[in-house]
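Here's the structure we're looking at; comments come further down.
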Amino acid sequence: MAAVAHNFPWTVRVAGTDVKFRLMTPGDSGEVRQFVSELPEEDLFFLMDDPRDPAGMERWVNRVREGLSLTVLAESGGTLIGYGTLRRGGMTWTRHLGEIRLMISPAYRGKGLGKLLAKEVFAVAHDLELRRLIARLTSSQTPARYLFQHLGFHIEALLADCVIDREGRTEDLVFMSYDVAGFHG
């Protein structure tokens with residue numbers, strides 16, 4: 001995934017604040033762990049590798065090193081305020097798929113940052129000639145679902161009670177998909 005590095009870093013104004021977009025490196029693990037540890041618990045349901053756990057963060061960093069994940073960091077004043085991750089599978093039969101994950105600081109939600117990060121992930125997926133992106137989220141993440149629908153994702157499946165939180169409460173899991181071929185930068 002290093003072929004996309006020439007597009008970064010760059011800066012844009014979001015809600016009156018300069019936001020720098022750059023690619024995550026293994027050296028960013030501490031910053032990412034700190035950012036995620038400050039997010040609401042319900043935002044963390046669907047993480048494959050929980051960066052709050054050192055082993056989870058190490059798996060994420062290894063995926064970055066192996067080229068199976070690429071994360072675009074969004075920073076304001078040197079502080080991480082969001083990220084967008086494109087995660088690819090390592091299997092031949094899913095080589096055309098990528099999974100998008102977005103995490104936005106609560107203070108920056110509803111201001112366009114998620115849309116900008118998603119578009120960066122779309123561009124990377126397009127450059128890598130991926131055909132489809134999927135997103136997984138819980139049914140209670142209504143703002144995120146609306147963002148993905150606004151970006152062109154469609155609900156493909158809803159799995160009842162498929163997600164369980166630390167207190168044992170279950171929620172439905174929503175699978176959404178997006179046709180990367182329809183993205184035109």
Side-chain angles (χ1 to χ4, degrees), residues 1 4 24 32 35-36 39-53 55-57 59-60 62-64 66-72 74 82-106 108-185:
M1 286 199 216
V4 299
M24 178 182 163
V32 171
F35 171 73
V36 172
L39 292 172
E41 183 68 29
E42 61 269 14
D43 288 355
L44 309 176
F45 277 147
F46 61 90
L47 292 176
M48 299 287 279
D49 295 314
D50 188 343
R52 296 172 298 176
D53 171 30
M57 188 73 243
R59 284 190 299 275
W60 186 351
N62 285 338
R63 289 186 63 79
V64 168
E66 294 165 7
L68 295 174
S69 287
L70 182 139
T71 298
V72 179
Y83 68 79
T85 295
L86 174 63
R87 181 182 171 117
R88 297 188 303 162
M91 296 177 280
T92 303
W93 60 280
T94 59
R95 67 187 177 278
H96 67 297
L97 295 176
E99 183 170 354
I100 184 174
R101 297 213 173 102
L102 300 175
M103 286 288 193
I104 310 299
S105 168
Y108 283 86
R109 293 178 186 171
K111 299 180 185 210
L113 180 59
K115 186 175 181 178
L116 286 169
L117 281 167
K119 287 186 174 190
E120 285 302 307
V121 172
F122 289 176
V124 170
H126 190 266
D127 288 349
L128 293 171
E129 299 179 355
L130 297 180
R131 295 182 188 170
R132 289 196 90 53
L133 287 180
I134 61 168
R136 287 185 280 177
L137 51 151
T138 63
S139 55
S140 67
Q141 292 176 301
T142 306
R145 191 174 71 240
Y146 288 150
L147 169 65
F148 282 119
Q149 286 175 320
H150 176 75
L151 293 168
F153 280 76
H154 300 282
I155 295 174
E156 297 285 349
L158 185 137
L159 304 176
D161 297 325
C162 194
V163 176
I164 190 165
D165 67 15
R166 292 178 189 240
E167 284 77 41
R169 295 180 300 244
T170 60
E171 280 197 59
D172 299 341
L173 180 64
V174 178
F175 277 87
M176 302 181 80
S177 73
Y178 176 82
D179 177 14
V180 176
F183 176 71
H184 300 290

Under the 3.5 angstrom rule, does the side chain of [X] hit a backbone N or O of [Y] as a donor-acceptor pair?
| X | Y | answer |
| --- | --- | --- |
| Asp172 | Asp161 | yes |
| Glu171 | Ser140 | yes |
| Arg88 | Gly67 | yes |

TODO: Under the ring-ring contact (aromatic ring centres under 6.0 Å, His included) rule, collect the residues that match up with Tyr108, sequence neighbours excluded.
DONE: none
Using the test side chain to side chain donor-acceptor pair (under 3.5 Å), find all partners of [X] that sit at least two apart in sequence or belong to another chain.
| X | result |
| --- | --- |
| Glu129 | none |
| Thr85 | Thr71 |
| Ser177 | Arg132, Glu156 |
| Arg109 | Asp43 |

Heavy-atom closest pair, residues [X] and [Y]:
| X | Y | value |
| --- | --- | --- |
| Tyr178 | Leu151 | CE1-O, 3.2 Å |
| Leu113 | Ala74 | CD1-CB, 3.9 Å |
| Pro106 | Leu39 | CD-CD2, 3.9 Å |
| Ala125 | Leu133 | CB-CD2, 3.9 Å |
| Asp179 | Arg131 | OD1-O, 3.5 Å |
| Leu86 | Gly98 | CD1-CA, 3.9 Å |

Flag the pair [X] / [Y] as yes when at least one side-chain heavy-atom distance between them is below 4.5 Å, and no otherwise.
| X | Y | result |
| --- | --- | --- |
| Ser69 | Asn62 | no |
| Ile155 | Gln149 | yes |
| Met24 | Tyr83 | no |
| Leu128 | Val180 | no |
| Val32 | Met57 | yes |

Please round to the nearest 0.5 Å and tell me the distance separating atom [atom1] of [X] and atom [atom2] of [Y].
| X | Y | atom1 | atom2 | result |
| --- | --- | --- | --- | --- |
| Leu158 | Phe175 | CG | CZ | 10.0 Å |
| Leu173 | Gln141 | CG | CD | 9.5 Å |
| Ile100 | Leu137 | CD1 | CG | 11.0 Å |
| Phe35 | Ile104 | CZ | CD1 | 6.5 Å |
| Leu159 | Thr170 | CG | OG1 | 12.5 Å |
| Arg59 | Leu68 | CZ | CG | 14.0 Å |

Open item on the list: Classify the ring geometry of Phe153 against Phe148: parallel below 30°, tilted from 30° to 60°, perpendicular beyond 60°.
Closed with: perpendicular
TODO: Can you establish whether the number of heavy atoms outside His96 located under 6.0 Å from its atom NE2 is more than 12?
DONE: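 Atom NE2 in His96 is packed in, count exceeds 12.
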- [ ] Report the residues that fulfil side-chain contact (heavy atoms from CB on, under 4.5 Å) with Thr142, sequence neighbours left out, ordered by chain and then residue number.
- [x] Arg145, Tyr146
